[in-house]
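Encoded as structure tokens, the structure appears first; notes follow it.
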Amino acid sequence: MAQINLKRVHGDFGFEAVDANGHTVKMDSSPESGGQDFGIRPMQMLLMGLAGCSAIDVISILKKQRQEITDYKMVVNGEREAGKEPSLWEDVDIEFHIYGNVDEDKAVRAAELSINKYCSVAATLSKAGAEIKWKVIVHPAA
């Protein structure tokens, strides 16, 4: 069982969360909601988790296929439900930017496997009703 410990450390809504290995994340509410921009918003952290989860999958799959990845980036954009409480992620768009000597078909397949099969964060967001769209852009080695 995973354990997270959270404590307030800054203003009303500035928190630090620590996992069992001592890794720390700072969180806060938006200034419009009374926060002081001390840290990441908890809902944005879900998108960060999606990016990290999927990145691990994609790179692992491509490494097993002996693809030469020299760099890797992702851009994740999300839109939340309007006028609802709670306001869930409704639409999520992902760009996978993969750099190096990488076969584009293999990169697309790796992303597809991640989003549709392996990434637990993607599955969690999908089950909550989010529509996840994605595209892969391979930047060949110069």
Side-chain angles (χ1 to χ4, degrees), residues 1-139 141:
M1 177 180 291
Q3 182 180 54
I4 302 296
N5 290 293
L6 181 130
K7 65 180 178 177
R8 187 169 77 169
V9 296
H10 186 86
D12 288 336
F13 304 116
F15 301 100
E16 283 187 357
V18 182
D19 73 3
N21 293 316
H23 303 111
T24 302
V25 176
K26 295 178 181 180
M27 289 180 276
D28 198 356
S29 182
S30 68
E32 299 81 33
S33 299
Q36 298 178 354
D37 211 22
F38 171 74
I40 191 74
R41 312 294 178 267
M43 285 297 286
Q44 292 172 343
M45 195 173 306
L46 285 175
L47 297 184
M48 290 179 169
L50 171 62
C53 178
S54 188
I56 291 167
D57 291 340
V58 170
I59 292 171
S60 295
I61 291 166
L62 292 174
K63 283 183 70 168
K64 288 176 186 170
Q65 296 174 339
R66 301 186 191 279
Q67 299 297 294
E68 296 176 32
I69 304 164
T70 58
D71 202 358
Y72 183 94
K73 297 176 184 174
M74 291 176 71
V75 177
V76 180
N77 290 294
E79 187 73 34
R80 290 172 67 181
E81 298 170 315
K84 291 187 176 180
E85 287 295 331
S87 176
L88 306 181
W89 290 114
E90 190 170 47
D91 294 300
V92 178
D93 293 307
I94 303 171
E95 287 182 6
F96 295 88
H97 291 269
I98 304 170
Y99 299 78
N101 293 320
V102 177
D103 180 284
E104 187 171 349
D105 290 337
K106 289 181 179 182
V108 168
R109 180 67 177 145
E112 178 183 25
L113 285 168
S114 175
I115 297 301
N116 296 328
K117 185 175 182 180
Y118 295 122
C119 178
S120 299
V121 180
T124 300
L125 288 169
S126 292
K127 285 186 179 187
E131 181 180 356
I132 300 174
K133 299 175 194 160
W134 54 272
K135 69 179 177 178
V136 174
I137 302 164
V138 175
H139 304 271

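Just so it is clear, the values below take in all heavy atoms, side chains as well, and ignore hydrogens, waters and symmetry mates. This structure is a prediction, so every number in the text was calculated from the model and none was measured. Count residues from 1 along the sequence.
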Which value, rounded to the nearest 0.5 Å, describes the distance between [X] atom [atom1] and [Y] atom [atom2]?
| X | Y | atom1 | atom2 | result |
| --- | --- | --- | --- | --- |
| F96 | Y72 | CZ | OH | 5.0 Å |
| I132 | C119 | CD1 | SG | 7.5 Å |
| D91 | E81 | CG | CD | 10.0 Å |
| R80 | E90 | CZ | CD | 11.0 Å |
| F15 | S29 | CZ | OG | 9.0 Å |
| I98 | L62 | CD1 | CG | 5.5 Å |

### Residues that H139 engages under ring-ring contact (aromatic ring centres under 6.0 Å, His included), provided they are two or more places apart
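So H139 forms a ring-ring contact (aromatic ring centres under 6.0 Å, His included) with H97, Y99.
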
### Task
Apply the test side-chain contact (heavy atoms from CB on, under 4.5 Å) to residues V121 and L46: give CA-CA distance (whole Å), side-chain angles for both, the deciding distance (0.1 Å), then the verdict.
CA-CA 8 Å; V121 180; L46 285 175; 5.5 Å; no

With sequence neighbours left out, which residue pairs that include part of [range] fulfil the side chain to side chain donor-acceptor pair (under 3.5 Å) condition?
| range | result |
| --- | --- |
| residues 7-17 | H10-Q36 |
| residues 54-71 | S54-S114, D57-S114, E68-N101 |
| residues 116-125 | none |

### Query
Which residue pairs pass the salt bridge (charged side-chain N to carboxylate O under 4.0 Å, His left out) test when at least one of the two sits in residues 97-111, sequence neighbours left out?
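Only R109-E112 qualify under salt bridge (charged side-chain N to carboxylate O under 4.0 Å, His left out).
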
### Any pair counted as salt bridge (charged side-chain N to carboxylate O under 4.0 Å, His left out), so long as it reaches residues 31-41, sequence neighbours left out
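Sorted result for residues 31-41: D37-R41.
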
### Message
Is there a side-chain contact (heavy atoms from CB on, under 4.5 Å) between Q3 and N5? Walk through the geometry before answering.
### Response
CA-CA 7 Å; Q3 182 180 54; N5 290 293; 3.9 Å; yes

### Task
Without swapping roles, check the side chain of N21 against the backbone of H23 for a donor-acceptor pair under 3.5 Å.
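Not at all, since once roles are kept as given, no pair shorter than 3.5 Å links the two residues.
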
Do [X] and [Y] have side chains that approach each other closer than 4.5 Å (heavy atoms only, starting at C-beta)?
| X | Y | result |
| --- | --- | --- |
| I69 | V58 | no |
| L6 | M27 | yes |
| V9 | F38 | yes |

Between [X] and [Y], what is the shortest heavy-atom contact and its length?
| X | Y | result |
| --- | --- | --- |
| W134 | V108 | CH2-O, 3.6 Å |
| V136 | A107 | CG1-CB, 3.8 Å |
| Q44 | I40 | OE1-CD1, 3.2 Å |
| D28 | G14 | OD1-N, 3.7 Å |
| M43 | S87 | CE-O, 3.6 Å |

